[in-house]
A.B. asks: 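Pasting a structure here, questions to come.
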Amino acid sequence: QVQLVESGGGLVQPGGSLRLSCAVSGINFKISIVHWYRQAPGKQREWVAQLNSGGTTYYADSVKGRFSISRDNAKNTAYLQMNSLKPEDTGVYFCKLAGSDSWGQGTQVTVSS
(Lines give C-alpha, C1' and ligand atoms only; values in the text may rest on other atoms or scores of the structure.)
Protein backbone atom coordinates (compact mmCIF):
# COMPACT_ATOMS: atom_id res chain seq x y z
CA GLN A 1 0.00 0.00 0.00
CA VAL A 2 1.32 3.42 -0.97
CA GLN A 3 1.94 5.76 1.94
CA LEU A 4 2.77 9.44 1.61
CA VAL A 5 3.88 11.73 4.43
CA GLU A 6 4.21 15.44 3.71
CA SER A 7 6.14 17.81 5.96
CA GLY A 8 7.89 21.17 5.96
CA GLY A 9 4.95 23.54 5.96
CA GLY A 10 4.62 26.54 8.25
CA LEU A 11 3.96 30.24 8.53
CA VAL A 12 6.12 32.47 6.35
CA GLN A 13 6.05 36.13 5.35
CA PRO A 14 5.38 37.16 1.76
CA GLY A 15 8.58 36.84 -0.26
CA GLY A 16 9.86 34.04 1.95
CA SER A 17 10.73 30.44 1.15
CA LEU A 18 9.81 26.96 2.32
CA ARG A 19 10.85 23.48 1.26
CA LEU A 20 8.24 20.76 1.49
CA SER A 21 9.08 17.07 1.67
CA CYS A 22 7.07 14.01 0.72
CA ALA A 23 8.29 10.68 2.10
CA VAL A 24 7.02 7.75 0.04
CA SER A 25 6.75 4.05 0.85
CA GLY A 26 5.03 1.00 -0.59
CA ILE A 27 5.90 1.58 -4.23
CA ASN A 28 8.92 1.65 -6.55
CA PHE A 29 9.55 5.36 -6.11
CA LYS A 30 12.33 5.52 -8.73
CA ILE A 31 9.91 4.94 -11.59
CA SER A 32 7.04 6.97 -10.17
CA ILE A 33 5.69 10.22 -11.51
CA VAL A 34 5.28 12.66 -8.61
CA HIS A 35 2.69 15.41 -8.37
CA TRP A 36 2.20 18.21 -5.86
CA TYR A 37 -1.26 19.66 -5.30
CA ARG A 38 -2.61 22.32 -2.98
CA GLN A 39 -5.97 23.25 -1.56
CA ALA A 40 -6.75 26.75 -0.39
CA PRO A 41 -9.53 27.36 2.16
CA GLY A 42 -12.92 27.10 0.47
CA LYS A 43 -11.43 26.13 -2.90
CA GLN A 44 -10.94 22.95 -4.85
CA ARG A 45 -7.67 21.09 -4.80
CA GLU A 46 -5.43 22.28 -7.64
CA TRP A 47 -2.42 20.78 -9.35
CA VAL A 48 0.89 22.57 -8.73
CA ALA A 49 3.77 20.59 -10.22
CA GLN A 50 4.84 17.27 -11.74
CA LEU A 51 8.17 15.46 -11.89
CA ASN A 52 8.66 12.45 -14.15
CA SER A 53 11.06 9.62 -13.41
CA GLY A 54 13.41 10.92 -16.10
CA GLY A 55 13.56 14.36 -14.55
CA THR A 56 11.13 16.30 -16.75
CA THR A 57 9.18 18.89 -14.77
CA TYR A 58 5.92 20.73 -15.32
CA TYR A 59 4.43 23.61 -13.32
CA ALA A 60 1.17 25.45 -13.01
CA ASP A 61 1.43 28.95 -14.47
CA SER A 62 0.76 30.44 -11.04
CA VAL A 63 3.99 28.98 -9.59
CA LYS A 64 6.27 28.83 -12.64
CA GLY A 65 9.61 30.46 -11.93
CA ARG A 66 9.05 30.43 -8.16
CA PHE A 67 8.59 26.74 -7.27
CA SER A 68 10.91 23.83 -8.03
CA ILE A 69 10.05 20.13 -7.76
CA SER A 70 12.78 17.56 -7.19
CA ARG A 71 13.37 14.05 -5.85
CA ASP A 72 15.94 11.97 -4.02
CA ASN A 73 15.39 8.38 -5.11
CA ALA A 74 17.84 7.08 -2.50
CA LYS A 75 15.60 8.54 0.21
CA ASN A 76 12.27 7.80 -1.50
CA THR A 77 11.46 11.47 -1.03
CA ALA A 78 10.12 14.22 -3.23
CA TYR A 79 10.53 17.93 -2.54
CA LEU A 80 8.86 21.19 -3.45
CA GLN A 81 11.08 24.25 -3.05
CA MET A 82 8.88 27.32 -2.84
CA ASN A 83 10.43 30.77 -3.22
CA SER A 84 8.98 34.28 -3.45
CA LEU A 85 5.88 33.07 -1.65
CA LYS A 86 2.67 35.06 -1.96
CA PRO A 87 -0.44 35.11 0.24
CA GLU A 88 -2.32 33.31 -2.52
CA ASP A 89 0.05 30.34 -2.07
CA THR A 90 -1.60 29.65 1.28
CA GLY A 91 -3.17 26.22 1.56
CA VAL A 92 -2.63 22.59 2.40
CA TYR A 93 -0.05 20.97 0.14
CA PHE A 94 -0.24 17.32 -0.85
CA CYS A 95 1.92 14.99 -2.88
CA LYS A 96 0.56 12.19 -5.00
CA LEU A 97 1.96 9.54 -7.29
CA ALA A 98 0.55 8.93 -10.73
CA GLY A 99 -1.41 5.70 -10.88
CA SER A 100 -2.08 5.64 -7.13
CA ASP A 101 -5.23 6.81 -5.37
CA SER A 102 -3.40 7.42 -2.11
CA TRP A 103 -3.12 10.86 -0.53
CA GLY A 104 -1.12 11.92 2.49
CA GLN A 105 -2.39 14.15 5.28
CA GLY A 106 -0.89 17.21 3.67
CA THR A 107 1.16 20.02 5.18
CA GLN A 108 -0.19 23.51 5.88
CA VAL A 109 1.50 26.51 4.27
CA THR A 110 0.44 29.96 5.42
CA VAL A 111 1.88 33.07 3.78
CA SER A 112 1.03 36.13 5.80
CA SER A 113 2.62 39.22 7.27
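As the structure is a prediction and not an experimental result, all values here were calculated from the model.
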A.B. asks: Less than 4.5 Å apart, side chain to side chain, heavy atoms only: is that true for Leu97 and Ser102?
C.D. replies: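 No, too far: nothing below the 4.5 Å cut-off.
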
A.B. asks: Once rounded to the nearest 0.5 Å, what's the spacing between atom CD1 of Ile69 and atom CG of Leu20?
C.D. replies: 10.5 Å

A.B. asks: Return the CG to CD1 distance between Asn52 and Ile31, rounded to the nearest 0.5 Å.
C.D. replies: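 It comes to 12.5 Å.
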
A.B. asks: Would you say that more than 12 heavy atoms from the other residues, nucleotides or ligands in this model lie under 6.0 Å from the CD of Glu88, or not?
C.D. replies: yes

A.B. asks: About how many Å separate CH2 of Trp36 and SG of Cys22, when rounded to the nearest 0.5 Å?
C.D. replies: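 Cys22 SG to Trp36 CH2: 5.0 Å, rounded to 0.5 Å.
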
A.B. asks: Per the salt bridge (Lys or Arg N to Asp or Glu O under 4.0 Å) rule, what does the pair list look like for residues 50-65, sequence neighbours excluded?
C.D. replies: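 Output for this query lists Asp61-Lys64.
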
A.B. asks: If two hydrophobic side chains count as joined below 4.5 Å and joins carry through other members, does Val48 share a cluster with Leu18?
C.D. replies: yes

A.B. asks: Do you reckon Val111 sits in the same ILVMFWY cluster as Met82, going by side-chain contacts under 4.5 Å, direct or chained?
C.D. replies: yes

A.B. asks: Would Val5 end up clustered with Val2 when hydrophobic side chains under 4.5 Å apart are linked, directly or stepwise?
C.D. replies: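 The answer is no; the residues belong to distinct hydrophobic clusters.
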
A.B. asks: Is a side-chain N or O of Arg71 found less than 3.5 angstrom from the main chain of Phe29, in a donor-acceptor match?
C.D. replies: yes

A.B. asks: In the single-linkage hydrophobic clustering (I, L, V, M, F, W, Y; side-chain heavy atoms under 4.5 Å), do Tyr37 and Phe67 co-cluster?
C.D. replies: no

A.B. asks: Check whether any side-chain N or O of Gln105 sits under 3.5 Å from a backbone N or O of Glu6 as a donor-acceptor pair, and report yes or no.
C.D. replies: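 Such a contact is found between Gln105 side chain and Glu6 backbone.
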
A.B. asks: Mark yes or no for whether Ser32, through its side chain, and Asn28, through its backbone, hold a donor-acceptor pair below 3.5 Å.
C.D. replies: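 Confirmed, Ser32 side chain pairs with Asn28 backbone.
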
A.B. asks: Is a donor on one side and an acceptor on the other found under 3.5 Å between the side chain of Gln39 and the backbone of Gly91?
C.D. replies: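 Answer holds: no.
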
A.B. asks: To the nearest 0.5 Å, what is the distance between CZ (Arg19) and CD (Gln81)?
C.D. replies: 7.0 Å

A.B. asks: Treat each ILVMFWY residue as a node, draw an edge where side-chain heavy atoms are under 4.5 Å apart, and state whether Trp103 and Val92 are in one component.
C.D. replies: yes

A.B. asks: With side chains defined as the heavy atoms from C-beta onward, is the minimum distance between Val63 and Arg38 less than 4.5 Å?
C.D. replies: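 Result yes, sub-4.5 Å side-chain heavy-atom pair found.
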
A.B. asks: Looking only at atom types and distance, does a side-chain atom of Thr57 sit under 3.5 Å from a main-chain N or O of Leu51, one as donor and one as acceptor?
C.D. replies: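 Checked: no pair found.
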
